[in-house]
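A note on names: the letters A, B, ... follow the listed sequences, proteins ahead of strands, and every chain is numbered from 1.
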Amino acid sequence: MSAILSTPSTQTPKHSMEGVTLPSGWTLVEQLKPSSGASGGNFGVGYRATRGGETAFVKVIDFVEALGKADPILELQNLIGNATFEKDVLAYCTERGMTRVMRFLGHEYFFTNGPTDLMGRVSCLIMEAGETDLRRLMHGNGPASCLRTLQVMDDVSLALAQLHRGGIAHQDIKPSNVISVAEKPLATDRTMKVADLGRVVRREQAGPFDKFAWPGDLRYSPPERWYGHVPTDWCDSRDASDAYMLGSLLLFLSTGIPLQALVGPLISTQYRPGVWGGSFDDDLLAVLVDAHARVLEDHLKPSLMPEVADGVMQIAKELTHPDPMRRGDGRARRQIGRPVGLDRIQQKIHALALRAAAIERGRLKA
Amino acid sequence: MKSTLPERRLIPKWRPVATTLESPEAGTHKAAPVQILSGDKDELERAIADWKEHRTPGMLGEVLSFSVHPDLLPRVLDVGSEAVRSGVDLTSVQASLINDLSRSNGESNLIDVPPSFIATDTHPFQEPIRRLRSLLRSRPDNALALLDLAQLQAAIGKTGGAERSIRMALSLAPNNRTVIRTAARFYVHADKPDQAHQLVRRHQRTPADPWLMASEIALADLAGAESGFLSKGKRFLVEQHSFSDAHLTELSGAIAMEEYRAGNLKRARDAQRRALLSPNDNMIAQAFENRARFGIQLETPQILNALAHSHEALVLKAWMEMSPDQVEHHAQAWHAEEPFSSRPIQLLSTLYLFKGDYAMSDRWISAGLLSDPLDRGLQINQAFIRARAGQGQEMAAILRRLRSRHQQEVEPYAKAIEGLYEYAQGRFDAGDQLYGQAVDQFMQLRRPDLAAYCQLFQALVSSDFKHPRETEIAAKASAALNEHPTFDSVMLLTIRALPDLQVKLPVDQARRRLSQLIFDPEKNTLTVKHGVTSAGAKAVVIKNSK
């Protein structure tokens, strides 16, 4: 399970919650080990919780560590701000019926040492538990088959379309944040959901990560952020970033490597991030377009089912255009407000997934 | 006799895009950002631990994703090598990426790599064109791939298709310097120097871009137009301090040529010195071509480094040093870099013609004429081969075409070739007469060097065809060559090794240095004095104490 986890320097109340039953009836049965790929912050400890036959993921935070910092007021302010923001976002997504985003199950406080010890009070954010993430599901014969890739892409693109409709940009779509919610191998029907909303930005509401140059993981960020370019328009800076990361996920599912790691070696030395001193202009964009095109042609295309290859390549091209102003569904981007149009792209992916499934069934029968 | 190459100008080179992108001309003069994108080592170690536990390709992919951070690359490669060697589950793309990263890190192949495509019976450009077309089908907005496609289209004579590709690249990336310069170079190839000049002159980027200003100055000269950026370029060199020497090399070189033509030799040398502080492959080739004009020694470490990366300059150097094997090697490399250009093909066809390998020379000429069917030099060489083989009709057809387009310039060459044909037919008197007319015409054009070169050819073919007066012709040629020797003549004699005809190039003039070391014995200091020295100046000067 990917979560907001950290290795503590000292044990605080949030680390000793195993076996505790919350007033809502959830029992925290297992503290989860810190996992790679978590980027939500350094303030929570994750637990697997059960209630009857149900399982949930509980993120526990306390205020002890913050009080020990050099500026405790500021730390507390950040901690409370981040926790409240994440809780509100999760609640909002569940309220809006976002079916491919991990559900919010509740929030409550708990006194670890009785009601008199205020320092022992912890905040518990309860949310839907996933089974495992995409990285661990990809095994056996290597990258997922084209059909399975499209099914995962269908779920994740639906999650992003739902978030975008709600004015939320995820900004940290990566394999560790795509979670299987059924205990079944990737080969069979299952639902994938998007987790870790700790770093989202909201269009209508200020959040703790609004002013970050890049709130998510740089390894998975879109190319404009490698060069410190932040477009001014919401769609170009936020929704288009999600689109790129969705495209990168397509490469990960098809090749076992995210797009960014494949593009990097194809960029000539003087244009590489950290070396290039110019702006995000025509000189740089032409190089990035060429590098991306070569990755799609050399690595993605050979992994695709020939019957759906053109459609998938078109989607990959739209999702991974290095220019954030041209990224996304072409028709949507010509509309007023220039939306990225992940809803349209999701529909196309869905249609391709159905087609691939039909072809696969036909092959099996034959 | 074979033709001489046209005058070289500092118009942009049109190499494969991947090569150009590694050169300063495609880069920026602005400093790299101070902020370094470093990765999280702890996070990487956690990913490695996860991979060691689960060993899935997905977890390996997570580890490989850290390769975007150069500081973490060695650790990523350790894990990648372990994955390849231990035979765990990994995808073919993962294996290929690990291998590529490992090789770029200076290590050997970890996996068996299939040999790269080698053209055999197919056209050498067929495979790269197919690949570029496929790339462009998936992404038609790839301006750089369009430039590469245009280069190959130009190489096989599809000038119309090449122009369409160039126009499309320009519309996709109208402000990209590489695209603008390549488009200008293409228009020069397509014999539209005016269009090339106008493109660069009118471009909004030119007034602030030294690479484009340099191109504008050189293209104006080629188009016979007045440069709009000569004065601005001179001011730019004085006023702009944010540009490194590497970014000013072509601008300084173009200004040097203009100053030279205007008769301002001192200013020309100063500009040439600046151009040679950090020259690129284009500038160094230009410097070698004009070595005699500027009289500057080309021996600084920067120059030698640039020389090592310029096949064109190495060809010129090898030609001057009478090293036919080196000429052949570097001219072929130059042709691979600029397959549309007829200059390396002219040199190669001439070299094989000197060697007497007429079949090979003819093959190169055919390849060159595919790219530019009207190339004057190649057609002259082709007519020479036809005449020598006694193919009178073919020779006459080629000469007719040449005369219709280049009446004045080509006439003495045509006469000499017709003379050769007469020799080949055993009609020595008629041949003598035609050779005589060719020599006279070269003299009228005030080109005694070419007249001597023509006489050398006459002597060689008179020997080949057993002319009754071959000794007399050889003696005349020897006298003319001793008076007006050229590199071409000496190269031809070096290859043919004729004992009767000996010629020596005049001793190289003492050259000027770009800087001098000044040793002060009193202070025990050694300082560098920048500036063009007098001819033959010493490398180190000991300062006089009084």
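For B/Asp100, no part lies near chain A; criterion is any non-hydrogen pair under 4.5 Å. In this structure, the portions of B/Ser138 lying under 4.5 Å from any heavy atom of chain A include both its backbone and its side chain. Residue contact with chain A, scored on non-hydrogen atoms closer than 4.5 Å, involves the backbone and the side chain of B/Leu21 alike. Heavy atoms closer than 4.5 Å to chain A are found in the backbone of B/Pro24, but not in its side chain. Looking at B/Ala173, the atoms closer than 4.5 Å to chain A (heavy atoms on both sides) sit in the backbone and in the side chain alike. With a 4.5 Å cut-off on non-hydrogen atoms, B/Asp141 touches chain A through its backbone and its side chain both. For A/Val287, the parts sitting under 4.5 Å from any heavy atom of chain B are the backbone and the side chain alike. Only the side chain of B/Arg131 comes within less than 4.5 Å of a heavy atom in chain A; its backbone stays farther off. With a 4.5 angstrom heavy-atom cutoff, A/Asp298 touches chain B only via side-chain atoms. Proximity to chain A is limited to the backbone of B/Ser23, based on heavy atoms less than 4.5 angstrom apart. B/Ala26 touches chain A through backbone and side chain together, each having a heavy atom under 4.5 Å away.
For the pair A/Gln171/A/Asp242, a side-chain contact is recorded, criterion being any heavy-atom separation below 4.5 Å from C-beta on. Residues A/Ile257 and B/Leu60 fail the side-chain proximity criterion, which asks for heavy atoms closer than 4.5 Å. Residues A/Leu249 and A/Leu134 are in side-chain contact: their nearest non-hydrogen atoms beyond the backbone lie under 4.5 Å apart.
By number of non-hydrogen pairs under 4.5 angstrom with chain A, the leading residue of B/Arg177, B/Arg139, B/Glu45, B/Lys30 is B/Arg139. Heavy-atom pairs under 4.5 Å with chain A peak, among B/Leu97, B/Val63, B/Asn176, B/Asp40, at B/Asn176. Chain A forms the most heavy-atom pairs under 4.5 Å with one residue out of B/Ser67, B/Ala31, B/Ser134, B/Ala145, and that residue is B/Ser134. No other option in A/Pro302, A/Gly277, A/Ala286 has as many heavy-atom pairs under 4.5 Å with chain B as A/Gly277.
The two atoms that bring A/Leu266 and A/Leu262 nearest to each other are CG-O, 3.9 Å, heavy atoms only.
Ring orientation note: the planes of A/His229 and A/Phe280 are close to parallel, at an angle under 30° on the 30°/60° scale. Taking the six-membered ring for Trp and thresholds of 30 and 60 degrees, A/Tyr244 and A/His292 have ring planes more than 60 degrees apart, a perpendicular arrangement. Below 30°, between 30° and 60°, or above 60°: for B/His69 and B/Phe66 the angle between ring planes is between 30° and 60°, a tilted geometry.
Under a cutoff of 6.0 Å and an axis angle of 45°, A/Arg272 and A/Trp276 do not form a cation-pi pair.
The residues A/Asp283 and B/Arg205 are annotated as salt-bridged, a charged nitrogen and a carboxylate oxygen being separated by less than 4.0 angstrom.
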